[in-house]
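Have a look at the structure below before the remarks.
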Amino acid sequence: MIRNLVIAAALLTPFAAQAQELPTAPYLPLTLATQAADAALQACVAEGHNVSVAIVARDGATKVLLKADNSGPHTGSSAEGKAFTSAAMGRDTAGLAEFISTAPANAGLRDMDARMVIQAGGLPIRIGKALVGGIGVGGAPSGDIDTGCAVAGLKAIGAAE
């Protein structure tokens, strides 16, 4: 009897596994990431700013990093850090910096992860309501300019809020 049950279980298990659906999650396709990064870079270059633009996936992994000709050596890591922070926190880095400055008890957020850069120029990327990544721009003379270029990248893929 037990032997028959073991054999039946062994034979039917693959069918039970097939019947279950795997979870699905939205993601940022490389084509959209590249399109957003290029649009952001071109927006800044058109204003005379040699910046870097980074796009990270929801898990923080860099999908695209573009550096304008003559951009500073620090701009790539700045852009990646801003993009990482926006993807990790699901919010814009300028708003996060203000949140920390107005509530000093939250200053510990700066030390959560060494990859975080909490300065203006990083925005979350949402497709519909799903957070799928972050965009970061670094190297313009102000964070407001970095943010404006990031917005241009989001608009290019229909992800601007």
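The model shown is predicted, which means the values in this text are computed figures rather than measured ones. Side chains are part of it too, since the values below use all heavy atoms of this structure and drop only hydrogens, waters and symmetry mates.
I100 and A107 get closest at one heavy-atom pair: CG2-CA, 3.7 Å. Here the closest non-hydrogen pair linking I135 and G153 is CD1-CA, 4.3 Å. Of all the heavy atoms in L131 and A87, the pair that sits closest is CD2-O, 3.5 Å. Taking every heavy atom of both residues into account, V51 and A140 meet most closely at CG1-N, 3.4 Å. Across all their heavy atoms, I55 and A33 have their closest contact at CG1-O, 3.5 Å. Considering all non-hydrogen atoms of both residues, G121 and A150 come closest at O-CB, 4.1 Å.
Here the rule is side-chain hydrogen bond (donor to acceptor under 3.5 Å, both in side chains) with K82, and of D92, D146, T93 only D146 fits it.
The closest side-chain heavy-atom distance from F84 to S86 is not below 4.5 Å. Side-chain contact between T147 and V137: absent, with no pair of heavy atoms (C-beta onward) separated by less than 4.5 Å. Considering only heavy atoms from C-beta on, V56 stays 4.5 Å or farther from E80 through its side chain.
Taken together through direct or relayed side-chain contacts under 4.5 Å among Ile, Leu, Val, Met, Phe, Trp and Tyr, Y27 and I127 form parts of separate hydrophobic clusters. The hydrophobic clustering, which links ILVMFWY residues whose side-chain heavy atoms are closer than 4.5 Å, places M89 and V132 apart. Following chains of ILVMFWY side-chain contacts shorter than 4.5 Å, one cannot reach V117 starting from M112, and the two form parts of different hydrophobic clusters. Note on L123 and L66: same hydrophobic cluster, where clusters join Ile, Leu, Val, Met, Phe, Trp and Tyr whose side-chain heavy atoms are under 4.5 Å apart, directly or indirectly. Residue I145 is not grouped with residue V53 when hydrophobic side chains (ILVMFWY) are merged at heavy-atom distances under 4.5 angstrom, including chains of intermediate members.
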**Report entry** Stepwise side chain to side chain contact (heavy atoms under 4.5 Å, CB included) check, L30 with V64
**Finding:** CA-CA 8 Å; L30 181 59; V64 178; 3.9 Å; yes

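Of the possible donor and acceptor atoms, one in the side chain of K63 sits under 3.5 Å from a partner among the backbone N and O of L28. Formation of a donor-acceptor pair under 3.5 Å by the T34 side chain with backbone atoms of T31 is not found in this model. The backbone N or O of G90 lies less than 3.5 Å from a partner atom in the side chain of R126, making a donor-acceptor pair. Formation of a donor-acceptor pair under 3.5 Å by the S78 side chain with backbone atoms of T75 is not found in this model. Proximity of a side-chain donor or acceptor of T85 to a complementary backbone N or O of I118 within less than 3.5 Å is not detected.
For the atom pair SG (C149) and CG (D144), the distance works out to 11.0 Å, reported to the nearest 0.5 Å. Summarising the geometry, atom CZ belonging to R110 is positioned 14.0 Å from atom CG belonging to D113; distances are rounded to the nearest 0.5 Å. The CD1 atom of I125 sits 9.0 Å away from atom CG of L32, with the distance rounded to the nearest 0.5 Å.
The environment of CD in E47 is crowded: more than 12 heavy-atom neighbours from other residues, nucleotides or ligands sit within 6.0 Å.
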